[in-house]
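Chain letters run A, B, ... following the sequence lines, proteins first, then strands; residues in each count from 1. All heavy atoms count here, side chains included; hydrogens, waters and symmetry mates do not.
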Amino acid sequence: MSEPTESSDPLKVSRFTYRQLQGLRQGSTTTPLRVVAHIDLDAFYAQCEMVRLGTPRDIPLAVRQWDSLIAINYAARPFGINRLINVAEARKLCPDLVLQHVATFREGEGGRWAYREDSFRNISTDKVSLDPYRAQSRKILQTMKDALATWGANNTEVEAQNPKQELSAVLEKASIDEVFIDLSPLIYRALLQRYPELRIATQDENRDAELPIPPTTALQWDTDCLVDLDQHETEEDDPGWDDVVMLIGSEIVRSVRNAVWEKLSYTCSAGLGRNKMIAKLGSACNKPNLQTVVRNRAVQNFLNGYKFTQIRMLGGKLGDQITAAFGTEKVSELLHVPLEQLRTRLADHTATWLYGIIRGEDRSEVNPRTQIKSMLSAKSFRPSINSLDQAEKWLRIFAADIYGRLVEDGVLENRRRPKVITMHYRTAQSRSRQIPIPGSGAIDENLLYDLANTLLRQVVADGQAWPCSNLSLSVSSFEDGVSNNKAIEGFLIRGDQAKALSHSSRPRDADNSPSEQASTEKRRKLDGDGGKIKSFFGNQSHLEDTSADEPGSLQEPVEMDAELDGIPREEHDDWHFAKDLASQDREEAKGSQPSLPTKSSARGTTARGRGGRGGGSRGKPEKGQMRLAFQ
DNA sequence: CGGTTTTCT
DNA sequence: GGAGAAAACCG
């Protein structure tokens, strides 16, 4: 491989092996051919409002929360508008700025949020609702999933050869407007399709043999932004397979972004690289509406341009500590510090992690997680509130808010339910209290309110209660449920068969508002709203319907004596059983190690005593939540 | 279980 | 800088 021969020389081999190629199938976190993408919606809340209002892209717009700005679109940025300034200053800088206040809940109106003309004058009675953005986020996520599922679907030849492989991309929702995607399996499939020479010799004996070299001398990077190569690397060198996989990844990401634009009118930016850290940094490089590719040969050059404090996890205390210890914030300078020296000033795994991370190494996996792990509803009081009475009013709103979100999440259908409810309470100092949510019976607004009230009493009883400057309620420790017998069967069937089933027994998505099922709303034309406003106001309410089980919401019934009010006992047990099986299923697949900079990562799995009966779910060493067969 | 840190809009 | 939110970590 050291000869200066022509690229098509059949004697020349790649520096990559079949083993590394195979790594793509299972989502190995160490193969140099891995490709991870990070996709980030541009100024997300601002775009949501632009879409909702039909505001053209070149009109400056900002999203307002009381007197502050929480999102600024790209048209407004040249005016010098940023998050730090207030509304008056923003108007001064840009008189034509469209200022849209976030939707709010209002005291006495239960769980119904609305966009109101006067919300910014009602900070004392209103509470911010981010529901509209969550709803958009769900739609975008679904669109991305669909795009990934259909990418290259016209050719199933390779799948036929590998009936056991799923070969689909893993998508992790990282926040309301960001996803990570491990494109490796999809790219593996494409590679075998496009380069039949890679198919041969996959017998186990040959795993460490080198691959043939790619049959190309130049790659067409389309509209991608390429990060410059490292010193001593040159564009004249023929591309390696690690370049080819990036190109394919880039093609996939472009099609995903295009789907989001065509179907929903949102632009996003993306980064592609060999791991999550690189991808994440990359996506922020060229905004808005562009994608950045960091090839392996460009990684060090790329990182050298950064302060390490901009790398995930190094933005806070840890970053400061490192800066202080080594007298620099620059990646390029920290690079000269040998590992042993890092060890003298930092905890052991922190040092190891840091050493790798500034060299572009990150083996954290993309978790197949698209669902939220906790829900919180909060309010800061200025001025502070001073009575139990006032606090209870907010609890009503919090309970309604969270209940509405639980409904979206599928509590009614028993798909998921939280096990714990927590209250945070701030006076001079802050306190919190949590209690279990009873595992039997339906969760409704009143139950949440009653539990919250119990917590409030506790918290008020055990310290200086007033004045209170901040109050919040959250639910967490979600447990997966199953909505019907079909789904449980789905659990019991393993491997290949489960896959076949998984597509057919898809239980309605609560992702979309019931109103817009076959949303064939394409062709947004910069102005004029093509029914977007309607679709935006999808759900809401679940307000004073504490009595009814709104039968209408269960269209496409889940064939089983619908139990809207709790799971019958025996069934509940079945459900735990199915859960454990699913757990086992997942374990066999992976040998994962997140490798994060922790002080002492003695991963809990603390088999909590928990005297009660409900907590029976025996040791489940799951980190990212498990995926239901139908999800 | 309760507090803290980090990240994001 | 503040408000609201979510996740992960720590002891």
Side-chain angles (χ1 to χ4, degrees), chain A residues 38 40-49 62-73 82-87 89 101-105 120 123 126-134 136-137 172-178 280 283-284 309-321 347 349-350 364 367 369 371-382 398 401-402 405 420-426 429-436 455 458-459 462-463 469-478 594 596-604 606 608-610 623-625:
Chain A
H38 180 258
D40 193 330
L41 276 292
D42 300 318
F44 182 51
Y45 293 179
Q47 268 205 95
C48 287
E49 298 302 342
V63 180
R64 171 179 190 180
Q65 178 175 283
W66 316 128
D67 198 34
S68 326
L69 306 182
I70 57 172
I72 294 113
N73 77 356
N82 58 58
R83 282 218 189 83
L84 305 181
I85 67 179
N86 63 27
V87 166
E89 292 162 337
H101 198 279
V102 295
T104 58
F105 299 107
F120 59 89
I123 188 168
D126 286 14
K127 141 142 191 58
V128 164
S129 171
L130 301 182
D131 260 14
Y133 310 135
R134 293 191 192 97
Q136 295 299 292
S137 177
E172 172 180 338
K173 178 172 183 164
S175 80
I176 195 167
D177 76 328
E178 286 171 61
K280 164 101 199 205
S283 69
T309 49
Q310 307 195 264
I311 294 174
R312 204 178 135 79
M313 309 253 57
L314 295 176
K317 301 273 173 85
L318 178 56
D320 291 346
Q321 187 188 322
H349 30 298
T350 306
S364 60
N367 297 313
R369 175 167 58 73
Q371 286 182 312
I372 223 120
K373 291 183 174 171
S374 67
M375 293 177 187
L376 175 146
S377 188
K379 174 78 180 173
S380 294
F381 305 117
R382 26 177 277 249
F398 295 164
D401 177 9
I402 289 174
R405 286 151 64 183
V420 176
I421 184 167
T422 306
M423 168 170 297
H424 286 260
Y425 188 96
R426 189 155 79 224
Q429 78 269 347
S430 81
R431 282 163 273 173
S432 73
R433 281 289 178 277
Q434 60 185 171
I435 49 175
L455 289 166
Q458 289 182 17
V459 114
D462 91 358
S469 63
N470 184 280
L471 191 59
S472 77
L473 188 68
S474 63
V475 295
S476 57
S477 296
F478 278 79
L596 284 170
T598 75
K599 286 274 156 68
S600 64
S601 61
R603 275 248 53 86
T606 36
R608 276 252 142 270
R610 176 70 101 275
K623 216 180 136 116
Q625 76 228 39

Check your understanding: Taking the side chain of A:Ile372 as its heavy atoms from C-beta onward, which of B:dG2, C:dA7, C:dA3 lies nearest to it?
Key -> C:dA7
**Study point:** Donor-acceptor pair (no angle test) under 3.5 Å: A:Ser68 side chain, C:dG1 base
**Key:** yes
Point to revise | Selected nucleotide, minimal atom distance to A:Trp66 side chain, candidates B:dG2, C:dA5, C:dG4 | key: C:dG4
Check your understanding: Mind checking what makes ring-ring contact (aromatic ring centres under 6.0 Å, His included) contact with A:Phe398, not counting sequence neighbours?
Key -> none
Revision key, fill the gap. Side-chain contact check for A:Arg405: nearest option of B:dG3, C:dG1, C:dA6 is C:dA6
**Study point:** Closest to the A:Leu376 side chain, choosing from C:dA5, C:dG1, B:dG3
**Key:** C:dA5
Study note, to complete from the structure: Scoring nucleotides 4-9 of chain B by protein non-hydrogen atoms under 4.0 Å (B base, S sugar-phosphate only, - none) yields -SSSSB
Study note, to complete from the structure: Across all chains, not counting sequence neighbours, the salt bridge (Lys or Arg N to Asp or Glu O under 4.0 Å) partners of A:Lys379 are none
Point to revise | Contacts of type side-chain contact (heavy atoms from CB on, under 4.5 Å), residue A:Asp67, not counting sequence neighbours | key: A:Arg64, A:Asn86, A:Val87
**Study point:** A:His424: partners by ring-ring contact (aromatic ring centres under 6.0 Å, His included), with sequence neighbours left out
**Key:** none
Study note, to complete from the structure: The answer to which of A:Gln65 and A:Met375 contacts DNA chain C further toward the 5' end, by nearest nucleotide, is A:Gln65
Check your understanding: Closest to the A:Gln434 side chain: C:dA8, C:dG2, B:dG2?
Key -> B:dG2
Review point. Under the salt bridge (Lys or Arg N to Asp or Glu O under 4.0 Å) test, which residues partner A:Arg433, sequence neighbours left out?
Key: A:Asp462
